[in-house]
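To start, the structure under review is shown below, and the notes come after it.
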Amino acid sequence: MRLILLGAPGAGKGTVAKMLTALDGSVQISTGDILRGAVKAGTELGKKAKGFMDSGALVPDELILDIMGERLLQDDCKPGFLLDGFPRTIPQADALKGMLTKLGIELDAAVNLDVPRDVILDRLTTRRTCSNSACQEIYNVKSKPTKVEGVCDKCGSPVIQRDDETTEAISKRLDTFNAQTAPLVGYYEKEGLLLNVNATSSDAVVAAIKEKVGI
Ligand code: AMP
């Protein structure tokens, strides 16, 4: 399947993407994960992106479009892809449209994961992430704690709170989302691709997507 996952930070895009990859071999492409990997590795891209990310702002479109232009050409995208965190601005959406037209690829849907702001705030401040960039398993101190405190169940690496998941950065990220990314819902509605789902349960989101794409 070929999907865009839209939704505020903490709406569950990453969790849903991971559940969907297991269904048909589509690959999850998370621009946030790619950027965090670059920051950790200390690459030029990481150095340019870190300040924006830590403050809860978006990284400039040019950097993201360079990443995605290359990423979508890789072989593992052939069976399908789940775009998690991209596009996030109207110029990114326009650029993606151009890239896909060039590649002769059509999207199945742009899925909007709709979650109330209070639920999102609670989820993000209690979220913890495995620090191993090859794992990045997501935990929640309330609803999905690690078996041993601070240690990833899957790979044994330390589980951390992300730099951009402080209360201040989260509030900025939600404002950024409302100003720059929320307009994409109208954009994809006009394109006839929008699937709006109430995202308080990831299982319900996956069921709605399966029905929409017919798997
Ligand atoms: P995420 O894990 O998707 O919430 O992304 C973490 C951070 O990476 C965001 O707050 C942005 O600073 C940056 N980022 C990720 N994807 C994009 C994008 N498509 N455009 C601009 N910035 C992005």
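We count ligands from 1, going down the list as the structure has it; atoms in each ligand are counted the same way. The structure presented is a predicted model; accordingly, all values stated were derived computationally and were not measured.
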Query raised in the report: Going through the distances and angles, do Phe81 and Leu107 end up as a side chain to side chain contact (heavy atoms under 4.5 Å, CB included)?
Result: CA-CA 9 Å; Phe81 50 75; Leu107 292 170; 4.0 Å; yes
If we count only N and O atoms by modelled type, under 3.5 Å, do the side chains of [X] and [Y] hold a donor and an acceptor together?
X	Y	answer
Ser201	Asp203	no
Thr146	Asp153	no
Asp94	Tyr187	yes

Query raised in the report: By side-chain contact (heavy atoms from CB on, under 4.5 Å), which residues pair with Asn198, not counting sequence neighbours?
Result: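 Only Thr200 meet the side-chain contact (heavy atoms from CB on, under 4.5 Å) criterion with Asn198.
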Query raised in the report: When rounded to the nearest 0.5 angstrom, what is the spacing between CD1 in Ile29 and CZ in Arg71?
Result: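 Rounded to the nearest 0.5 Å, the CD1-CZ separation comes out at 4.5 Å.
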Query raised in the report: Can you name the residues that come within less than 4.0 Å of ligand 1, going by heavy atoms only?
Result: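 Thr31, Gly32, Leu35, Arg36, Met53, Ala57, Leu58, Val59, Ile64, Gly85, Phe86, Arg88, Gln92, Arg162, Asp164, Arg173.
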